[in-house]
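One structure is given here, and the rest of the page talks about it.
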Amino acid sequence: MLKLSDLSVHYGRIAAVQHLSLEVNQGELIGLVGHNGAGKSTTLWTITGVLRPSTGTVTFDGKSLVGASPDSILRMGVSLVPENRRIFGGLTVGENLRIGTSARRDRKQAEADVRKMCERFPMLGQFFDRKGSTLSGGEQQQLAIARALLSRPKLLLLDEPTLGLAPLIVDQVFEILQELHREGVTILLVEQNAARTIEVADRTYVMRSGGRIAFQGTSKELASVGDFETAYIGMAAEHS
Amino acid sequence: MATAIQYILDSIAYGSLFALMAMGLALLFGVMGLMNFAYGELIMAGAYTMFFTRSWGWLGMIVTTLIVVTVLSLVMELVAFRPLRGASPVTLLITSFAVSYALQEFAWTDVLGLSHRFNGATIGTGPQKGVQPYPWLTQQYQVKGVLVSKLEIITVIVTIALLVGMTLLLKRTMLGIQLRASTQDFRMAQLVGVKANWVISSAFAITGVLAGAVALLYVFRTGLVAPDMGQGPLLVAFVGGVIGGLGSLSGAALGGFVLGVIINILNASLPVKLHSYSLLFAFMAVIAIVVLQPEGLIAFRRGGDWLERLWQRIRKPATEGAGA
């Protein structure tokens with residue numbers, strides 16, 4: 001479905017991502033973990049068309065995404081839940097949901113989906129007319145995920161959805177992700193919380209500083225890689 | 001008493017014009033970080049359209065003016081600002097100056113066959129006005145001792161209608177939600193599927209309609225048609241927008257309105273000798289507001305303890321960095 005091959009992205013002369021190859025297939029939940037500054041977010045910004053790769057290709061359903069605008073990439077079916085959620089604080093919860101349907105033409109169905117989303121996340125229905133900025137971090141995260149889902153994406157990208165959330169809320173977010181996964185939504189999950197990610201993901205890519213892939217595999221395969229736990233899970237677990 | 005009511009009514013009508021202008025400026029500033037100094041030339045273009053269509057009857061004139069100004073606003077975006085998408089606000093600002101002066105200079109040239117008319121005093125010189133006022137519009141009536149003209153009433157009604165219309169558009173329509181979202185976080189708006197070209201063109205179209213309305217009301221009021229006629233009102237609207245806070249549409253509209261009212265009251269109340277200095281006093285008031293309330297007027301409404309903050313600010317001038 002999504003295929004990155006030999007992708008490199010530079011900020012000026014600094015390489016943020018180098019020779020990254022990654023594949024997400026229909027229905028999979030793929031994890032992409034790594035330390036701060038490893039290039040995870042850069043990878044997502046490149047997929048969504050905000051950044052341009054210096055070399056390499058990004059294809060989605062066989063079509064190249066390089067050079068396409070962010071809104072046209074969304075229209076192709078790739079939706080991002082960005083780091084720090086970036087909900088529109090001055091808009092109400094309802095408006096935040098509605099704007100998630102911007103790319104759709106089936107207005108009636110879209111409105112019905114907004115209502116359905118409020119049933120799925122009852123908090124959103126309860127605070128429908130409240131400003132987005134008044135929600136707590138966990139609530140904002142639910143709103144950001146709901147907003148992204150309302151474009152009916154084929155592929156959902158999430159950038160550190162549990163960052164800065166209380167442990168209980170982190171559990172909630174992971175539950176939501178697993179639920180979506182069971183429903184057949186294809187997900188690329190970027191996380192620092194490696195242990196949890198590996199637990200829920202079908203496969204996980206581990207990024208090393210400088211934007212290279214160090215390992216990849218299922219949770220079992222990763223557990224068998226000798227220094228992996230100490231080098232990656234160990235540190236990540238301290239933070240969680 | 002009657003005179004006071006008359007002043008107030010006139011000031012409200014005058015301030016309304018700047019509320020509309022400031023709102024147009026704030027919309028573009030919010031959506032794309034553009035402080036559009038060529039906005040004054042949209043008003044100028046509207047005035048010229050009125051001049052050329054003055055024999056078409058008022059309805060034809062109004063419709064044509066609104067269309068021409070809106071189209072010009074869209075063309076301005078397409079030609080000057082779209083190639084600079086994503087450029088820094090400073091680049092956009094300088095470009096807007098360039099567009100502003102280019103349009104002004106164009107109006108000074110002979111291309112439209114106008115300049116001889118300037119020399120021939122058809123436009124804007126002496127007592128002869130560019131666009132003859134409609135007597136039924138500007139004639140003043142005595143209502144309980146207060147002199148009012150239909151134009152003043154219409155100005156206030158049109159402004160209120162446009163403000164209400166803008167509010168409804170922004171709050172109730174998908175485009176409005178997209179515009180407000182883009183004002184807050186343009187990149188994220190794109191990432192949820194808002195088309196950049198669509199919202200920006202819409203913002204320019206809306207400011208075009210607002211500028212067209214301002215041109216109509218302004219020229220009906222003054223009759224003035226001149227290449228640099230947009231500069232003065234633009235400056236007032238810009239400064240008004242800044243005092244109100246360009247980050248919020250309602251704040252900017254309020255700021256424009258307040259400054260317009262202040263200027264009009266000064267115009268009416270200053271002794272004749274000081275008349276030409278009314279802007280001086282108005283901008284002194286602006287400096288006072290910016291010093292005392294740097295976040296913009298709208299911040300007065302938030303937080304109930306503004307009086308205390310104001311007092312602290314007066315007593316303790318900002319000392320940050322002074323010790324270094």
Side-chain angles (χ1 to χ4, degrees), chain A residues 44-45 47-52 68-105 107 110-111 114 129 131-133 140 143-153 156-159, chain B residues 23 26-27 29-33 82-88 166-203 244-253 295-296 298-299 301-303:
Chain A
L44 291 189
W45 290 124
I47 298 171
T48 49
V50 174
L51 297 174
R52 274 186 92 102
S69 69
D71 68 88
S72 63
I73 289 174
L74 180 101
R75 281 178 171 73
M76 290 164 83
V78 182
S79 190
L80 172 71
V81 179
E83 194 177 345
N84 297 327
R85 310 174 279 274
R86 286 173 80 166
I87 60 155
F88 302 105
L91 270 56
T92 65
V93 169
E95 289 168 340
N96 267 288
L97 293 172
R98 234 169 251 149
I99 202 169
T101 67
S102 285
R104 291 170 59 171
R105 292 181 171 273
R107 299 305 328 156
E111 286 298 319
V114 168
D129 291 320
K131 285 259 166 80
S133 56
Q140 289 191 3
L143 177 56
I145 292 174
R147 179 182 67 181
L149 286 173
L150 278 166
S151 67
R152 285 205 295 210
L156 187 64
L157 310 174
L158 295 110
D159 196 353
Chain B
M23 199 161 57
L27 187 64
F29 183 74
V31 170
M32 59 180 296
R82 187 164 296 189
L84 295 174
R85 190 70 52 79
S88 75
M166 278 284 285
T167 311
L168 287 179
L169 175 86
L170 289 172
K171 296 262 176 193
R172 294 287 164 82
T173 65
M174 191 62 170
L175 172 64
I177 296 174
Q178 292 181 341
L179 277 168
R180 282 188 294 141
S182 305
T183 315
Q184 282 175 40
D185 188 341
F186 191 76
R187 173 65 72 205
M188 195 58 225
Q190 277 187 288
L191 284 164
V192 296
V194 175
K195 283 184 176 157
N197 287 345
W198 163 245
V199 282
I200 289 180
S201 295
S202 305
L246 277 177
S248 110
L249 294 176
S250 49
E295 296 148 47
I298 206 80
R301 293 196 323 186
R302 301 187 191 124

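Keep in mind that the numbers below use all heavy atoms, side chains included, and drop hydrogens, waters and symmetry copies. By convention in this document, chain letters (A, B, ...) are assigned in the order of the sequence lines, proteins followed by strands, and residues within each chain are numbered from 1. This structure is a prediction, so every number in the text was calculated from the model and none was measured.
Proximity to chain B (any heavy atom under 4.5 Å) is restricted, for A:Arg107, to the side chain, taken from C-beta onward. Using a 4.5 Å cut-off between heavy atoms, A:Arg86 touches chain B through backbone and side chain atoms alike. When heavy atoms are compared at a cutoff of 4.5 Å, A:Arg147 approaches chain B solely by way of its side chain, counted from C-beta outward. If you measure heavy-atom distances from A:Ser151 to chain B, you find no contacts under 4.5 Å at all. With a 4.5 Å cut-off on non-hydrogen atoms, B:Met188 touches chain A through its backbone and its side chain both.
The choice from A:Ser72, A:Gly100, A:Ser69, A:Gly90 that makes the most heavy-atom pairs within less than 4.5 Å of chain B is A:Gly90. With chain B as the partner, the residue from A:Ser102, A:Pro70, A:Gly49, A:Pro153 showing the most heavy-atom pairs under 4.5 Å is A:Ser102.
B:Met174 places a side-chain heavy atom less than 4.5 Å from the side chain of A:Thr101. Contact check for B:Val192 versus A:Leu150: no side-chain heavy atoms found under the 4.5 Å cut-off. A 4.5 Å side-chain heavy-atom check between B:Thr183 and A:Phe88 finds every atom pair outside the cut-off.
Annotation: the span from B:Lys171 atom NZ to A:Thr92 atom OG1 amounts to 8.5 Å, rounded to 0.5 Å. Atoms CD and CZ, from A:Glu95 and B:Arg172 in turn, are 10.0 Å apart once rounded to the nearest 0.5 Å.
Between A:Leu74 and B:Gly193, the shortest heavy-atom contact is CD2-CA, 3.2 Å. Here the closest non-hydrogen pair linking B:Ile177 and A:Leu91 is CG2-CD2, 3.6 Å. Closest approach of A:Thr48 and B:Leu191 over heavy atoms only: CB-CD2, 3.6 Å.
Within 6.0 Å of CZ on A:Arg52 lie no more than 12 heavy atoms contributed by other residues, nucleotides or ligands.
Looking only at distances, a side-chain donor or acceptor of B:Gln184 sits under 3.5 Å from a matching main-chain atom of A:Gly89.
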